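To start, the structure under review is shown below, and the notes come after it.
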Amino acid sequence: MRLSRYYLPLLKETPADAQIASHRLMLRAGMIRQEGAGIYAWLPLGFRVLKKIEQIVREEQNRAGAVEMLMPTIQSAELWRESGRYDAYGKEMLRIRDRADREMLFGPTNEEMITEIFRAGIRSYKDLPKLLYHIQWKFRDEIRPRFGVMRGREFLMKDTYSFDIDEASARQSYNKMFVAYLRTFARLGLKSIPMRADTGPIGGDLSHEFIVLAETGESAVFCDRRLVDLETPAKDIDFDGDLQPVIDQFTSHYAATDEMHDAAGFEENVDEQNRVSARGIEVGHIFFFGDKYSTPMKAVVAGPDGGEIPVQMGSYGVGVSRLMGAIIEAYHDDDGCKWPVPVAPYHVGLVNLRAGDEACDAACEKIYAALEAKGVEVLYDDTGARPGEKFARMDLIGLPYQIVIGPRGLEKGEAEVKSRVDGVRETAPVGEVSARVANAVLEALQYA
RNA sequence: CGGGGCGUAGCGCAGCCUGGUAGCGCAUCUGGUUUGGGACCAGAGGGUCGCAAGUUCGAAUCUUGCCGCCCCGACCA
């Protein structure tokens, strides 16, 4: 993409409303624009990152055996009356009416709808288990939206729903999502820590929040350092095999958010040097809730003996748009974002220091074409801006690699390559620079 | 929802207390000089002062109501 054709409204000054780094940088780097309290438009640069996060989430869901679909954002009140949540949900639910004065709502989640869809198509225990998901915009009329996309009212969420014949089978579904989440967050460059979450009135131990450690996190968290060092399950893990050992590994050490924290237990069970007290961002939440919806909504299947059995359900959410904020919180410095390659809006920023100069233009065009041919995504700064401004904005938007072409270097046949993550700058022969950078990018994408 | 604050040019702000020509920096446009870390000179354009009502000869400024946004707390991906 040529910057001259792009829409990239950068802000030189720090927006007064933005309190945390990710919000500030998303506004400054022209990735989002606020359209209302907790409501954001996704500008081209931010949209690309959002789509990449979404795609990684999708790939890991598919790998775990979940099946993608898409449910609408608008739902009817009728459905929610069946589960009893229409009245219970309160003011967080945005309620609207259509022209016939029918009560509708903008979905804050989809348990009711997926249950309705499930019961319409499944009759027998032989058709179980089922694992369905979608990635769709949600609206929750939060009392206090804040921190940009970290707590928006409208947000993009991946929500999966599991349907099983009994609790043992449901646990396997739960474990699949548990492993899928560990892999998803790792691929996004994040260290996530599963923490036992409050299961509410249902009880049991089948609810975990996935927390990313970050100074600006909304909740205080406590965990055992050994958890942080555990290895992410490999991509060839057998999702239909016994996942329990992996889950046990990740749940055997102390980890709790402040509402579940037991200070005495923490000190008793965790050596002092392994105690981590930090702040975290909740990026995922998995939950088993049994027949909470299937019984009132009559989502039943015929069992082996012909009797009706309410299905055992679970739901599994990932805050896709929130993840973007979490990634920036983890990867930035004073100058801007430092995108990990897999989610970077473009892999390479090609900086033409003297647009209009024949030699510079020609060298840039050649590199641009060579990189694109290899599948490397390039944002080519072909504008007439001054060098200082070009450097500053490349650092701000934080593409992993910058290739700098200027008259000074060209005289010696050299290009400069800067790695945004570590700030290391190297020179390379102009003829080799595209191959060298392409290799680095493609290697970083291998992880998947 | 309770507490605090803000709304003036695209962005960041001053002016308001003490009513009287709407201002500054950045950005934008034109011309010129520049060009390896957010340039310089000269000129120009751009404003329903959040909305409405009231007080007044006169309101960005005072009063009332409404709307929007931000921050702190209880809830959430």
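A quick note: this is a predicted structure, and the numbers were derived from the prediction, not measured. In what follows, every heavy atom counts, from backbone to side chain, and hydrogens, waters and symmetry copies are set aside. Quick note on labels: first sequence line is chain A, next is B, and so on, each numbered from 1.
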**Prompt:** To the nearest angstrom, how far is A:Asn110 atom CG from B:C76 atom C1'?
**Reply:** 16 Å

**Request:** Could you check which residues of residues 342-349 of chain A get a heavy atom under 4.0 Å from RNA chain B? Sort them by number, please.
**Result:** none

**Request:** Output the single nucleotide from B:C75, B:C70, B:G25 whose closest atom is nearest the side chain of A:Glu13.
**Result:** B:G25

**Prompt:** What nucleotide among B:C75, B:C71, B:G36 has an atom nearest to a side-chain atom of A:Arg144?
**Reply:** B:C71

**Item:** Distance, rounded to the nearest Å, where A:Leu27 contributes CG and B:C70 contributes C1'
**Value:** 13 Å

**Residue closer to the 5' end of RNA chain B, A:Glu92 versus A:Gln402 (nearest nucleotide)** = A:Gln402

**Item:** A:Phe391 side chain, from C-beta outward: closest of B:G73, B:G36, B:A27
**Value:** B:G36

**Asked** Which whole-number value in Å describes the distance from A:Leu353 CG to B:U35 P?
**Response** 13 Å

**Request:** If B:A22 has a Watson-Crick or G-U wobble mate with both distances under 3.5 Å, name it; if not, just say none.
**Result:** none

**Item:** Spacing of the P atoms in B:U61 and B:G3 (rounded, Å)
**Value:** 26 Å

**Minimum-distance nucleotide to A:Gln34 side chain [options: B:C75, B:A77, B:C69]** = B:C69

**Prompt:** Is the A:Phe178 ring parallel, tilted or perpendicular to the A:Tyr174 ring (thresholds 30°, 60°)?
**Reply:** tilted

**Prompt:** Ring centroid separation for A:His23 and A:Phe147, is it under 6.0 angstrom?
**Reply:** no

**Asked** Which nucleotide in the set B:C75, B:G38, B:G36 lies at the smallest distance from any side-chain heavy atom of A:Glu389?
**Response** B:G38

**Item:** Rounded P spacing from B:C51 to B:A9 in Å
**Value:** 11 Å

**Request:** Describe the nucleic acid contact of A:Gly319 in one word from base, sugar-phosphate, nothing, applying a heavy-atom distance below 4.0 Å.
**Result:** base

**Complete:** The Watson-Crick or G-U wobble partner of B:C51, with both key distances under 3.5 Å, is B:G65

**Asked** Looking only at atom P, what distance separates B:C71 and B:C13, rounded to whole Å?
**Response** 14 Å

**Message:** For A:Tyr86, does the six-membered ring have the charged nitrogen or CZ of A:Arg95 within the cation-pi criterion, i.e. under 6.0 angstrom from the centroid and within 45° of the normal?
**Reply:** yes

**Message:** If you only use heavy atoms from C-beta on, which nucleotide in B:G36, B:G73, B:A77 is closest to the side chain of A:Arg146?
**Reply:** B:G73

**Request:** Cation-pi check, A:Arg48 to A:Tyr346: give yes when NZ or CZ is under 6.0 Å from the six-membered ring centre and within 45° of the ring axis, no otherwise.
**Result:** yes

**Fill in**
In whole angstroms, the gap separating C1' of B:C70 from CD1 of A:Ile39 amounts to 15 Å

**Item:** Ring centre gap for A:Tyr254 and A:His261 strictly below 6.0 Å
**Value:** yes

**Prompt:** When the P atoms of B:G10 and B:U18 are considered, how many whole Å apart are they?
**Reply:** 31 Å

**Asked** Taking the side chain from A:Thr160 and the backbone from A:Tyr133, do they hold a donor-acceptor pair closer than 3.5 Å?
**Response** no

**Request:** Look at all strands and tell whether A:Asp395 reaches a base, only sugar-phosphate, or nothing, counting heavy atoms closer than 4.0 Å.
**Result:** base

**Request:** Output, in order, the C-alpha distance, side-chain angles, deciding distance and verdict of side chain to side chain contact (heavy atoms under 4.5 Å, CB included) for A:Gln55 and A:Leu50.
**Result:** CA-CA 9 Å; A:Gln55 182 56 25; A:Leu50 188 68; over 6 Å; no

**Item:** Heavy-atom side-chain contact between A:Arg322 and A:Val149 under 4.5 Å
**Value:** no

**Side chain of A:Lys12 - closest among B:A77, B:G38, B:G36** = B:G38

**Asked** Between the base of B:G37 and the side chain of A:Arg425, is there any donor-acceptor pair under 3.5 Å?
**Response** yes

**Request:** For A:Arg85 and B:C75, give me the distance from atom CZ to atom P, rounded to whole Å.
**Result:** 18 Å

**Request:** To the nearest Å, give me how far apart CZ (A:Phe147) and C1' (B:A77) are.
**Result:** 15 Å

**Complete:** Checking A:Val318, A:Leu156, A:Leu70, A:Ile53 against A:Ile135 for side chain to side chain contact (heavy atoms under 4.5 Å, CB included), the one that qualifies is A:Leu156

**Message:** Determine whether a donor-acceptor pair (one donor, one acceptor, N or O, separation below 3.5 Å) exists between the side chain of A:Glu416 and the base of B:G36.
**Reply:** yes

**Request:** Before giving the answer on side chain to side chain contact (heavy atoms under 4.5 Å, CB included), spell out for A:Leu243 and A:Lys176 the whole-Å C-alpha distance, their side-chain angles and the decisive distance to 0.1 Å.
**Result:** CA-CA 7 Å; A:Leu243 299 172; A:Lys176 285 181 185 178; 3.9 Å; yes

**Request:** Spell out yes or no: do the side chain of A:Arg151 and the base of B:C76 have one donor N/O and one acceptor N/O closer than 3.5 Å?
**Result:** yes

**Request:** Would you mind telling me which of B:G73, B:C71, B:C69 lies closest to the side-chain atoms of A:Gln19?
**Result:** B:C71

**Item:** Paired nucleotide for B:C40 [Watson-Crick or G-U wobble; both distances under 3.5 Å]
**Value:** B:G32

**Message:** Need one value for A:Glu142: base, sugar-phosphate or nothing, where a base atom within 4.0 Å counts as base even if backbone is also close, heavy atoms only.
**Reply:** base

**Atom C1', compared across B:C1 and B:C57: separation rounded to whole Å** = 46 Å

**Length of the line joining A:Ile286:CD1 and B:C76:C1', which is rounded to integer Å** = 17 Å

**Item:** Whole-Å gap separating P (B:G38) and CG (A:Leu396)
**Value:** 15 Å

**Complete:** Between A:Glu154 and A:Lys91, whichever has its closest RNA chain B nucleotide further toward 5' is A:Lys91

